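This report concerns only the one structure given below.
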Amino acid sequence: MSKNLVIVESPAKAKTIEGFLGKDFVVKSSYGHVRDLKKKGLSVDVENSFEPEYEISPDKKKVIDELKKLVAKSDKVWLATDEDREGEAISWHLEQVLDLSKKDVSRIVFHEITKGAISKAIENPRKLDYRLVDAQQARRVLDRLVGFELSPVLWRKVKPSLSAGRVQSVTVRLIVEREREINNFEEKFAYRVTAVFSTNGKSFKAELNKRFETVEEAREFVNACNGSSYRVDDLQVKPAKKSPAAPFTTSTLQQEASRKLSFSVARTMSVAQKLYEEGKITYMRTDSLNLSDTARDGAKKQITSSYGEEFSKPRTFTSKSKGAQEAHEAIRPADMSVTSVGGDPAGQRLYDLIYKRTLASQMADAKLEKTTVRIKVEGSDAPSDNLHFVARGEVIKFEGFLKVYLEGTDDEDNEKEEEGLLPSMNVGDSLDRKMITATQRFSNHPPRYTEASLVKKLEELGIGRPSTYAPTISTVQKRGYVVKEDREGHPREYTVIELEQNKVEEKTKTENTGAEKQKLFPTDIGIVVNDFLVEHFEKILSYDFTANVEKQFDDIADGMLKWTDMIRTFYKPFHENVEETLEHGDRPTGRELGKDPKSGKPVYAKIGRYGPMVQIGDAEDEEKPRFASLRHEQSMTTINLEDALELFKLPREVGEFEGEKVTAAIGRFGPYLRHKGSFVSIKEADGDDPLSIKIDRAIELIEAKRKADLERIIKTFDEDETVQVLKGRWGPYLKAGKKNIKIPKDVEPESLTFADCQKLIEEAPEKKGRGGATRAKKAAPKKKAAPKAKKGAPKSKKKSK
DNA sequence: CAGTGAGCGAGCTTCCGCTTGACTT
């Protein structure tokens, strides 16, 4: 019945817009891209103008079917996807797939979801921009070519199933290089001198304008201070101001939620998604700093009524970030008069952050008064003239936006003095010295990345998009290139020289250093893969590769460059490079740790089929090399010969229990004990070690495991012992042989009968996912053709290197 | 899922960017 069909990208948006448009319009969503390069193979005809082979994405078939039906019933179709490269391409794919060429079609765009903006869009339709579509095709094809040609090089030269790509490989590079900087960092120290003075009964802190490099100098200075007097030498008062940060984009929201709420970037996005779907906030994947007029008016109203007129200052912000496409608004509350959203606490906390940030962005500057006091050291033993103490004070004269919100910092430097109020003083005043302290301070290595600080860096480099920051970070972790971990620190001694009253005291104190929380570390595989890629594919691994190709995408969008020409220029040398590397690129050999004292053969640490390992002997040797996996906490880059040789002592027989052998070894999931065909993990955190564990302790662990297994059982059945109801990590589940089946939420697990279970088993969907195809090899050990009966000539293909 | 690691073999893995659910042991 409806005459108009509007297609947008997001279903939540569709719902809102339908409300604005009235009954003549049906608004539906495409759920993002509907068509993509075929999943399998290159699907780009590199011989033939790089013709892409598209297919409807399997999970979009239903969406397309529904849209087709609606198109048939409509007089006019409005393609209202986002106004950016990807959005334009989605519209084009829709046009193709829905066969809209004979239909009355208009392309419309809007950057904010307000009634006014939508009406205006409808009044200003345009045609599809095929140049922009081509820019997207170039982007898509480039990414496919890079990803699907580089990854196989890694499979051949490093390890199967690895991956490489324009975005992920550079992401890993950032982390690897940061780790190297940290390893090469030379810790320096200096003595920082602080003082506590007082005047008119009020005390304050000051710092010396010089740090001493040796303890002797520091000692000499502090000693000299005993008996000196102190006078205000200079005093300056200057006005200053602070301005609020711009409203949130995806990247800044992720950073701030990490700093203030300790959310991972994935958590932030999923909480934000929920708020968005509930209509509480605007779209959360955006690089725009813009606020709609409605939002700014709303903020103004709120600020004026809560804090007064003088706190309001409408502002607009312009994006400085590379490659911003600004198809949406900044992330803001949908309605500025809503201060609380209820629901779960995480949602409320994130909303609160968004609310305050948005409000603050429309508020007046804070006005400050900064005071700097120079304090001269005088007296018989007074140190040389250019040494003086400096005290800094800061007073807020007008709070402005600080009343609501202040952006957090990533600064790990904890030496910053809190700059508070200083007592009133005048030049020439003499001060009482309470205390002088010289503290040995060590320089900090560059900080390791957190997920959020990595996103910040990626955004600065123009790598990745708001919709991909979180997935990229999870990809590099999933591939095993990077791990997010805590590290315990270690104690470090430092010296403090203190002058109090008239006594100088020297103490040694201990601080904890090197502790890390939820930081990103490269793994051995990450390091090896990165070094390999940087060596052979420097151009693609360079930090400005994306920025360079973005320029060319822009040229395509401007009609200055044909997309196929761009790809051709890129592909030829790239592909040759790939071929060359496949042919001649050496497998990364790892490190040689030394010689095995028993055999005299070399011992290597390298990446093997299953990850980092150590190897005795070479593959070419007559006797085949021996292998052993590294333990989880060991690293290829640091392991020494002694530890490597230890690894070859496993598996090891621990003793006997119940008439059968107990062995200890290290497997895919760490150290374990094996007994009667079942496995028990050994936790090194409990002080156990597969190399040294004794039989008594092993038995203890085996029995504990048996007990724990019993406790997991909720119910068993006499009819079939392989069917059990168990307690699992995600609640109760049903185990039938090797299959795990979820128990519906409304079913009480204790009440399940055997018949119920059988029904559930039958209804359970076949589990999909990888590893389905069994590796049923092993049978038929082949007739071992007559030894060395080589056929000589027809040595099949090439590639014998 | 658990002591693997080359060797002929069968066939698989992989990219980035748009969007939400379905689903996990």
Side-chain angles (χ1 to χ4, degrees), chain A residues 8-13 29-37 39-42 57 59-60 63 81-82 84-87 89-90 93 136 139-155 159-169 273 277 285 327 463-468 471-472 475 479 546 606-611 613 615 619-620 624-629 650-652 663-674 678-679 681 712 726-735 738 740-742 765 767-773 775 777 782 785 795-797:
Chain A
V8 297
E9 290 182 38
S10 146
K13 210 185 209 180
S29 145
S30 77
Y31 292 83
H33 273 295
V34 293
R35 205 168 69 149
D36 190 15
L37 291 176
K39 249 176 93 116
K40 292 268 157 70
L42 207 55
S57 314
D59 56 331
K60 297 298 162 54
V63 176
T81 53
D82 297 346
D84 57 17
R85 203 160 61 205
E86 300 297 327
I90 292 173
H93 283 301
Q136 194 273 347
R139 198 281 302 158
R140 182 66 191 91
V141 166
L142 178 89
D143 282 337
R144 171 59 65 90
L145 292 174
V146 170
F148 276 36
E149 294 218 357
L150 282 190
S151 300
V153 177
L154 296 179
W155 305 342
K159 181 168 126 60
S161 303
L162 293 176
S163 65
R166 173 177 57 84
V167 171
Q168 59 167 280
S169 296
Q273 173 88 27
E277 283 167 13
R285 291 184 277 262
I463 297 170
R465 304 277 314 127
S467 67
T468 60
T472 299
T475 301
R479 297 268 174 274
T546 291
K606 60 194 273 193
I607 296 293
R609 173 76 178 72
Y610 300 101
M613 63 167 189
Q615 174 181 332
E620 299 82 42
K624 86 179 214 178
R626 296 174 63 206
F627 304 100
S629 286
L650 294 174
R652 142 180 178 271
T663 51
I666 297 176
R668 173 93 177 72
F669 303 102
Y672 67 93
L673 293 166
R674 188 183 181 132
S678 60
F679 299 89
S681 290
R712 289 176 57 223
L726 300 173
K727 261 184 260 181
R729 253 208 294 173
W730 284 284
Y733 69 100
L734 183 61
K735 186 179 175 72
K738 292 205 159 171
N740 295 311
I741 298 142
K742 196 177 176 162
K767 72 163 163 190
K768 48 185 175 199
R770 32 206 294 155
R775 38 182 188 140
K777 287 283 124 104
K782 282 281 158 293
K795 213 182 167 221
S796 66
K797 291 169 209 159

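Keep in mind the model is a prediction, meaning the values are calculated, not measured. By convention in this document, chain letters (A, B, ...) are assigned in the order of the sequence lines, proteins followed by strands, and residues within each chain are numbered from 1.
Nearest nucleotide to the A:E277 side chain, out of B:dC15, B:dT20, B:dC16: B:dT20. Across B:dG5, B:dT14, B:dT13, the shortest atom-to-atom separation from the side chain of A:M613 is found for B:dG5. Closest to the A:P160 side chain, of the nucleotides B:dT4, B:dG21, B:dT13, is B:dT13. When the nucleotides B:dC15, B:dT19, B:dC16 are ranked by their closest atom to the side chain of A:P11, B:dT19 comes out on top. When each of B:dT4, B:dG17, B:dC15 is scored by its nearest atom to the side-chain atoms of A:S629, the top-ranked nucleotide is B:dT4. Looking at the side chain of A:R479, the nearest of the listed nucleotides B:dC16, B:dC15, B:dT19 is B:dC15. Taking the side chain of A:T468 as heavy atoms from C-beta on, and the options B:dG5, B:dG17, B:dC18, the nearest nucleotide is B:dG17. For A:H33, taking side-chain heavy atoms from C-beta onward, the closest of the listed nucleotides B:dT4, B:dT14, B:dC18 is B:dC18. The listed nucleotides are B:dC16, B:dG17, B:dG5; the one nearest the side chain of A:R465 is B:dG17. Here the nucleotide nearest the side chain of A:V167, chosen from B:dC16, B:dC18, B:dT20, is B:dC16.
Across all strands shown, A:A89 has no heavy atoms under 4.0 Å from either base or sugar-phosphate atoms. Among the protein residues, A:K606 comes within range of no part of the nucleic acid, since none of its heavy atoms lies under 4.0 Å from any strand. Within the nucleic acid shown, A:D59 has no heavy atom closer than 4.0 Å to any nucleic acid atom. Across all strands shown, A:G87 has no heavy atoms under 4.0 Å from either base or sugar-phosphate atoms.
Spacing of P atoms, B:dT25 relative to B:dA2, comes out at 16 Å, to the nearest Å. Remark: the separation of the C1' atoms in B:dA22 and B:dC1 is 24 Å, to the nearest Å.
For the pair A:K606 (side chain) and A:Q615 (backbone), a donor-acceptor distance under 3.5 Å is absent.
Per the geometry, NZ belonging to A:K60 stands 13 Å off P belonging to B:dC18, to the nearest Å.
For the pair A:Y31 and B:dT19, the ring geometry does not qualify as stacking, because the centroid separation below 5.5 Å and plane angle under 30° are not jointly satisfied. Remark: ring of A:W155 stacked against base of B:dT13; centroid gap under 5.5 Å, plane tilt under 30°.
The salt bridge (Lys or Arg N to Asp or Glu O under 4.0 Å) check on A:R35 picks up nothing, with sequence neighbours excluded.
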Which nucleotides of DNA chain B pair, in dot-bracket form (Watson-Crick or G-U under 3.5 Å, | meaning another strand): .........................
